[in-house]
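Each ligand, and each atom within it, is numbered from 1 in the order the structure gives.
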Amino acid sequence: MNVIDKKEEHLLELFSKNMIQDRIKELAEKINNEFDKNEELYVIGVLRGSVLFVADLVRHLKMPVQIEFIRLSSYGDDQKSSGKVKSVDLSLPNLADKNVLIVEDIVDTGLTAHFLIDYIKEQHNARQVKFASLLDKVCARIHPVNIDYIGFEVDDKFVVGYGLDYQGYYRNLPYIGYFPQ
Ligand code: 5GP
């Protein structure tokens, strides 16, 4: 039995696999130029949506890289933010005086990004904290945040694919799309 109420054949593609991979190379080049190549960079991915983005991005980075993941959620199974950040697993190594790049799949209201940037800067005393998001749903912003590296802007659509899910599905798609209403 198929438990998904939205089917992949109805998805409209927004960003193809090639568009995503090309853009990630450009972002990596910027990151390589803006961080010291001799200093280690802690890449902190936000589970689970950023997994594919982190995996592809780090393969283009030239400095010594450490990869960490934290788990947060502001969405339930719904397509609307719950308005609260739930910290599920925030365990991280000592980041004092380290260069940190937080990697998200999408910034929507900005709640998660806002929380994370403050948390890493204040609780961890990192030297430099930058933020990368593959997608920026800028029209949905409630909490202003500074995103240093943006893949693509999206308008107010619920998107899936390339890490982003609907009810846990579609994260494995190599492209990003949406279901027309
Ligand atoms: P924010 O805290 O900025 O409101 O939301 C960030 C999180 O909400 C993202 O990391 C992502 O998990 C989820 N989210 C926001 N917009 C979308 C969307 O269009 N599609 C999916 N699948 N998740 C989204």
Side-chain angles (χ1 to χ4, degrees), residues 3-17 19-20 23-24 27 42-58 67-92 100-123 129-181:
V3 292
I4 318 177
D5 61 9
K6 292 186 194 308
K7 298 213 165 54
E8 191 191 336
E9 66 250 34
H10 299 138
L11 259 180
L12 294 183
E13 185 174 287
L14 265 181
F15 306 110
S16 69
K17 177 180 170 180
M19 283 169 82
I20 294 171
R23 185 68 186 129
I24 289 175
L27 294 180
Y42 279 74
V43 173
I44 303 180
V46 185
L47 289 173
R48 283 165 282 190
S50 75
V51 167
L52 276 70
F53 182 29
V54 169
D56 286 334
L57 183 71
V58 291
I67 303 173
E68 295 288 336
F69 285 101
I70 53 177
R71 188 145 172 225
L72 294 172
S73 68
S74 72
Y75 274 53
D77 263 351
D78 209 344
Q79 294 183 29
K80 264 185 66 208
S81 174
S82 64
K84 283 191 209 115
V85 176
K86 221 169 48 187
S87 113
V88 184
D89 180 4
L90 272 180
S91 44
L92 285 169
V100 173
L101 178 68
I102 304 169
V103 180
E104 256 284 35
D105 51 357
I106 185 166
V107 177
D108 181 28
T109 64
L111 185 71
T112 312
H114 195 266
F115 166 83
L116 270 179
I117 295 167
D118 273 9
Y119 175 77
I120 305 280
K121 277 192 178 154
E122 278 157 33
Q123 306 280 322
V129 181
K130 294 207 178 188
F131 195 94
S133 183
L134 183 64
L135 302 177
D136 183 8
K137 209 186 271 181
V138 73
C139 56
R141 197 75 84 253
I142 296 173
H143 308 272
V145 279
N146 180 40
I147 310 175
D148 301 284
Y149 310 102
I150 297 171
F152 306 98
E153 278 188 14
V154 280
D155 49 4
D156 206 2
K157 292 184 170 74
F158 188 80
V159 291
V160 300
Y162 197 74
L164 291 137
D165 75 308
Y166 172 67
Q167 295 183 346
Y169 297 99
Y170 303 120
R171 294 190 196 275
N172 56 317
L173 299 179
Y175 63 93
I176 291 171
Y178 68 100
F179 294 100
Q181 295 301 316

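- A donor-acceptor contact shorter than 3.5 Å links the side chain of R141 to the backbone of D108.
- For atom 5 (O) of ligand 1, the nearest non-hydrogen atom from the set D108, I142, V46, L111 belongs to D108.
- Taking the six-membered ring for Trp and thresholds of 30 and 60 degrees, H114 and H143 have ring planes inclined between 30 and 60 degrees apart.
- A donor-acceptor pair is defined here as one N or O able to donate and one able to accept, closer than 3.5 Å; such a pair exists between the side chain of R23 and the backbone of G151.
- Between G110 and ligand 1, at least one pair of N/O atoms sits closer than 3.5 Å.
- Near D165, meaning under 4.0 Å from any of its heavy atoms, are these atoms of ligand 1: 21 (C), 22 (N).
- Salt bridge status for D105 with R48: absent, with no side-chain N to carboxylate O gap under 4.0 Å.
- The shortest separation from a heavy atom of K157 to ligand 1 is under 4.0 Å, placing the residue in contact.
- Within ligand 1, counting atoms from 1 as listed, the ones closer than 4.0 Å to a heavy atom of K137 are 16 (N), 17 (C), 18 (C), 19 (O).
- When T112, D105, L134, V107 are checked for heavy-atom proximity to atom 12 (O) of ligand 1, D105 turns out nearest.
- Taking each of V159, L164, V145 in turn, the one with a heavy atom nearest to atom 20 (N) of ligand 1 proves to be V159.
- Heavy atoms of E104 found under 4.0 angstrom from ligand 1 belong exclusively to the side chain.
- Of the possible donor and acceptor atoms, one in the side chain of D148 sits under 3.5 Å from a partner among the backbone N and O of F131.
- In this structure, K137 contributes its side chain and K157 its backbone to a donor-acceptor pair below 3.5 Å.
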